[in-house]
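Here the structure is laid out as structure tokens; the discussion comes afterwards.
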Amino acid sequence: MEKFAVLNGLVAPLDRENVDTDAIIPKQFLKSIHRTGFGAFCFDEWRYLDRGYIGIDPASRKLNPDFELNRARYQGASILLARKNFGCGSSREHAPWALEQYGIRAIIAPSFADIFFNNCFKSGLLPIMLPEQVIGQLFAEVEANEGYRLTVDLEQQAVTTPSGETIPFKVDPFRRHRLLNGLDDIGETLLEADAIAAFEKVHLARSPWLDYRPAD
Amino acid sequence: MGKTLYEKVWDAHVVKQGDDGSCLIYIDRHIMHEVTSPQAFEGLKLAGRKVWRTSSVIATPDHNVPTTERSKGIDDEISALQVSTLVDNCADHGIPFFSLEDRRQGIVHVIGPEQGATLPGTTIVCGDSHTSTHGAFGALAFGIGTSDVEHVMATQCMLMKKSRNMLVRVEGTPAAGVTAKDIVLHVIGVIGTAGGSGHTIEFAGSAIRGLSMEGRMTVCNMAIEAGARAGMIAVDETTINYLKGRPYAPAGADWDAAVVSWRGLHSDPDAVFDRVVEINASTIEPQVSWGTSPEMVLPVSGRIPDPAAERDPGWREAMERALTYMGLEPNTPIGDIAIDKVFIGSCTNSRIEDLRAAARVVEGRRVAANVSLAMVVPGSGLVKAQAEQEGLDRIFLAAGFEWREPGCSMCLGMNNDRLAAGERCASTSNRNFEGRQGAGGRTHLVSPQMAAAAAVSGHFVDARSLA
């Protein structure tokens with residue numbers, strides 16, 4: 001996983017509540033057995049006027065001019081400004097993969113759905129929760145200022161606006177530590193392999209049926 | 001201080017507690033399907049890692065399989081590759097696998113309980129958000145992403161933070177014809193799609209205790225639609241009776257020992273919840289969703305709400321957007337909404353009891369002329385066989401329904417079972433998001449009875465009026 005330190009990036013707004021994972025990456029792309037190739041299909045049904053599928057020629061696509069992220073001023077954005085309950089719905093990690101491969105590294109919203117929030121950290125994507133009032137103010141500033149950029153400092157847990165205002169945020173220490181250092185979650189957990197094995201021995205002795213494998 | 005049901009199961013699975021609020025939680029059961037696992041297996045392979053405990057896993061294809069005749073395989077090459085990748089991965093790692101030809105194949109959240117692989121007091125994960133279903137058995141069950149699928153395969157653990165406790169107490173006797181689906185849709189309408197975020201919801205109260213296991217699964221299934229990663233229900237005789245004799249359930253002396261420990265799986269009287277919501281079951285009517293979020297739901301006697309009367313600007317905008325997408329006018333009576341398709345199936349409502357309830361409404365009637373497709377997709381091969389033994393298939397077929405092979409089907413439309421743009425569907429599934437059942441498709445979430453009633457009437461109607 002890529003380390004996340006300090007990000008200075010263009011901000012793109014997505015001004016709607018309850019953006020679900022079906023919208024972030026529609027079902028037909030979940031047929032892929034690969035971890036990459038989703039960026040071109042991020043927000044596919046909103047972003048394009050035609051219907052996408054795996055293998056479609058990107059050059060043939062018709063962009064939806066009404067979709068806010070298609071506006072010229074938001075091209076190259078790496079910070080997504082969103083509304084509450086972002087990422088609700090399914091557990092598909094294809095959603096953070098699609099966002100990350102589209103170019104997003106941080107999402108700022110008043111709240112996130114639990115599974116999506118957790119999945120983001122696994123993909124090197126930083127979800128930042130800020131109060132609704134602050135989010136409202138950021139939406140206004142983005143709208144008013146073309147080329148609006150924010151600086152996200154995970155170490156300091158602070159977002160800095162172009163005017164120099166610093167907005168603090170909080171990330172769980174264990175998630176922050178792993179993202180800052182780009183650590184492999186599994187490798188870290190396997191450092192505890194002996195503790196897991198010891199727990200398992202007692203646990204399965206108490207409930208041996210958990211290890212039961214019926215004959216076919 | 002007493003413990004909640006959630007705390008009891010959590011505490012029994014803590015391998016290690018970090019001083020930073022994180023916990024390493026041991027996972028008893030891992031259920032796997034073709035869509036969210038291939039990248040996890042690839043990750044294992046690249047790192048040269050093995051599956052920690054293969055007896056913890058059961059796997060089957062469900063999301064991306066055809067529900068039409070499939071004995072000659074899957075036509076769509078991309079889907080066929082995804083399914084064969086699961087076959088190969090399970091064979092390589094020695095993971096128990098139910099193939100498409102196996103009668104035990106079906107939707108992961110139907111077959112886990114059916115096989116007795118879903119047991120009280122256990123921790124259960126699956127790369128699917130509706131894993132919350134299994135909480136109906138007093139298990140702690142939740143959906144995970146693909147990285148965590150790999151993590152659990154490699155370590156048998158999840159690294160996570162304890163969630164808060166929420167109690168949804170549903171007291172009273174629901175009116176006849178009001179189902180578990182109506183109860184849970186009503187709850188989501190009350191607390192909202194983010195109402196349970198950060199919480200594990202325990203569903204309790206006399207109305208929940210009065211439900212069958214099938215009904216309890218329907219309720220816990222949709223906990224995620226209320227924002228809660230996990231929903232749980234205390235163990236009682238209904239739970240224990242359901243499990244006895246199932247293939248993966250303990251037997252003999254193990255059964256007796258298990259039952260003793262399971263009986264303690266309820267919240268203590270003095271347990272403290274962070275949030276409590278009280279619901280009166282006796283006032284709940286059959287529900288119909290009208291918008292593009294499960295919280296946009298109304299009683300069947302209701303009318304489409306008017307955004308102009310809404311004061312909250314964010315919600316007003318969401319309502320306007322939903323009505324535009326759904327092609328609905330404010331103040332339209334729900335009963336005036338005509339439908340094009342009917343889907344009875346999904347991990348929410350495809351169990352034998354659901355099919356029986358729908359068949360009772362359908363029997364002796366015909367699918368309305370304006371309904372172009374009405375389909376029943378049983379949750380598993382065993383549910384299908386049971387239904388056929390009871391003659392339910394003949395009732396559906398005689399009425400003009402299609403009777404399909406098991407899978408997730410039109411709940412998410414990964415296979416060919418989809419809505420076309422603008423088509424309106426009465427669906428027993430769990431999500432009415434934009435495009436969920438097909439780009440531009442319009443989903444109304446209902447119970448099996450209500451879907452059946454809509455099929456034979458051509459529009460929404462209180463199923464009780466057809467009884």
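Letters A, B, ... are given to chains in the order of the sequence lines, protein chains preceding strands, and every chain is numbered from 1. Because the structure is a prediction, the values reported are computed rather than measured. Only heavy atoms go into these numbers, but all of them, side chains included; no hydrogens, no water, no symmetry mates.
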Report the option among [options] that has the most heavy-atom pairs separated by less than 4.5 Å from atoms of chain A.
options                            : result
G438(B), A251(B), P96(B), A421(B)  : P96(B)
R104(B), H130(B), R53(B)           : R53(B)
E42(B), R29(B), E225(B), R321(B)   : R321(B)
T292(B), D128(B), N415(B), D254(B) : D254(B)

What's the spacing between [X] [atom1] and [Y] [atom2] if we round to 0.5 Å?
X       : Y       : atom1 : atom2 : value
F199(A) : C157(B) : CZ    : SG    : 8.0 Å
L210(A) : Y26(B)  : CG    : OH    : 7.5 Å
T155(B) : D185(A) : OG1   : CG    : 9.5 Å
L204(A) : S56(B)  : CG    : OG    : 9.5 Å
T189(A) : M158(B) : OG1   : CE    : 10.0 Å

Against chain B, work out which of [options] has the most heavy-atom pairs shorter than 4.5 Å and name it.
options                        : answer
H34(A), E200(A), R16(A)        : E200(A)
D44(A), L190(A), I54(A)        : L190(A)
R51(A), R83(A), E93(A), E45(A) : E93(A)

Would you indicate whether the side-chain heavy atoms of [Y] and [X] approach each other to under 4.5 Å?
X       : Y       : result
D22(A)  : E434(B) : no
E188(A) : L159(B) : no
N118(A) : M160(B) : no
I78(B)  : Y53(A)  : no
S147(B) : R35(A)  : yes
I224(B) : I115(A) : yes
E192(A) : V15(B)  : no

Taking the side chain from [X] and the backbone from [Y], do they hold a donor-acceptor pair closer than 3.5 Å?
X       : Y       : value
K16(B)  : I196(A) : no
D114(A) : G198(B) : yes
Q82(B)  : L30(A)  : yes
R431(B) : G89(A)  : yes

Where is the tightest heavy-atom contact between [X] and [Y], given as atom of each residue plus distance?
X       : Y       : answer
S91(A)  : G143(B) : CB-C, 4.4 Å
K161(B) : D172(A) : NZ-OD1, 2.9 Å
M414(B) : K31(A)  : O-CE, 3.0 Å
T36(B)  : H94(A)  : CG2-CE1, 4.3 Å

Side chain / backbone / both / neither for [X] at chain A, heavy atoms under 4.5 Å:
X       : value
A12(B)  : backbone
A47(B)  : neither
T193(B) : both
Q437(B) : backbone
Q115(B) : neither
W255(B) : neither
S22(B)  : both
N430(B) : neither
V149(B) : neither

Side chain, backbone, both or neither of [X] within contact of chain B (heavy atoms, under 4.5 Å):
X       : answer
A95(A)  : neither
S90(A)  : both
A193(A) : both
P208(A) : side chain
N119(A) : side chain
A195(A) : both

Worked check of salt bridge (Lys or Arg N to Asp or Glu O under 4.0 Å) between D20(B) and R178(A): CA-CA 12 Å; D20(B) 54 5; R178(A) 290 181 179 207; over 6 Å; no
Q39(B) side chain to W97(A) side chain, donor-acceptor N/O pair below 3.5 angstrom: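 Per modelled atom types, Q39(B) and W97(A) side chains form no pair under 3.5 Å.
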Residues, nucleotides or ligands: over 12 heavy atoms within 6.0 Å of D256(B) CG: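 More than 12 heavy atoms, drawn from other residues, nucleotides or ligands, come within 6.0 Å of this atom.
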More than 12 heavy atoms from other groups under 6.0 Å of CZ on R73(A):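 Counting neighbours around CZ of R73(A), more than 12 heavy atoms of other residues, nucleotides or ligands fall under 6.0 Å, so yes.
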Verdict with supporting geometry, R213(A) and T54(B), side-chain contact (heavy atoms from CB on, under 4.5 Å): CA-CA 9 Å; R213(A) 207 169 160 158; T54(B) 54; 3.4 Å; yes
Aromatic plane relationship, H13(B) with H203(A) - under 30° parallel, 30 to 60° tilted, over 60° perpendicular: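 Judged by the thresholds at 30° and 60°, the geometry between H203(A) and H13(B) is perpendicular.
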Aromatic ring pairing W262(B)/W209(A), orientation class (parallel under 30°, perpendicular over 60°, tilted between):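 The arrangement is perpendicular - the two ring planes meet at more than 60°.
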Carboxylate-amine/guanidinium contact K84(A) D312(B), below 4.0 Å: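 Not counted as a salt bridge, because no side-chain N and carboxylate O are separated by less than 4.0 Å.
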